[in-house]
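What follows is a short report on a single structure.
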Amino acid sequence: MKGQYVALQPLGTEGQNVSGKGYDKPYKRGQIAIPFGAGVRYKLDRHFDLGFEIGWRKTFTDYIDDVGGDYVQDRADLKSPAAQYFGYDITRNDGAQLGTFGEYNQAGEIRGHSNEKDWYIVTGITLNYILAPKIKSPKFR
């Protein structure tokens, strides 16, 4: 799996694809986000503009990172080796590493906070070249 893209939603890394165990249904891969943001634009000369913007996006899902609930009660509930690896093994902590929190990585414990939906931030710096600087917009009267 090293170096390969792995779609996590079909794996059900929190047991979403396990029937009869009380786990949630699979989450949707498409979601709505509400954008917030601000930006500035500065005219360098008649041919170039420089801009900077930052935008926050509020989502209505907790699964942007495939983490939103609890670890499965039993690792065997995750049917495929890939689901076991990404849903349990890769994040499991046996306490052997200094500075880690092993009590949060056990079966049935919190993997993510389902009451806190995900946010993400986008930023951008732009340099715009103005193709026809001699064209003027008509004045409003």
Query raised in the report: Do you know the tightest heavy-atom contact between Arg57 and Val122?
Result: NH2-CG2, 3.6 Å
Query raised in the report: Is Leu11 close to Gln16 at the side-chain level, that is, under 4.5 Å between some pair of heavy atoms?
Result: no
Query - Worked verdict on Gln31 versus Ile64 for side chain to side chain contact (heavy atoms under 4.5 Å, CB included) - result: CA-CA 9 Å; Gln31 294 292 330; Ile64 287 181; over 6 Å; no
Report summary line: Across all chains, not counting sequence neighbours, the side chain to side chain donor-acceptor pair (under 3.5 Å) partners of Asp66 are Thr13, Tyr27
Query - ILVMFWY cluster, Val67 and Tyr120 together (side-chain gap under 4.5 Å) - result: no
Report summary line: side chain to side chain donor-acceptor pair (under 3.5 Å) filter on Arg41, not counting sequence neighbours, yields Asp49
Report summary line: Sorted by chain and number, sequence neighbours left out, side chain to side chain contact (heavy atoms under 4.5 Å, CB included) with Leu50 holds for Leu44, Ile125, Leu127
Query raised in the report: Just by modelled atom types, is the Gly68 backbone N or O under 3.5 Å from a matching donor or acceptor in the Glu14 side chain?
Result: yes
Query raised in the report: Which atom names give the shortest non-hydrogen contact between Leu78 and Tyr88, and what distance separates them?
Result: CD1-CB, 4.2 Å
Requested in this report: Evaluate whether atom OH of Tyr129 has more than 12 neighbouring non-hydrogen atoms of other residues, nucleotides or ligands under 6.0 angstrom away.
Outcome: yes
Query raised in the report: Would a distance-only check, ignoring hydrogens and angles, find a side-chain to backbone donor-acceptor pair under 3.5 Å from Thr59 to Thr61?
Result: yes
Query raised in the report: Do you know the tightest heavy-atom contact between Ala76 and Gln84?
Result: CA-NE2, 4.2 Å
Query raised in the report: Any link between Phe48 and Phe52 through a network of hydrophobic side chains (Ile, Leu, Val, Met, Phe, Trp, Tyr) touching at under 4.5 Å?
Result: yes
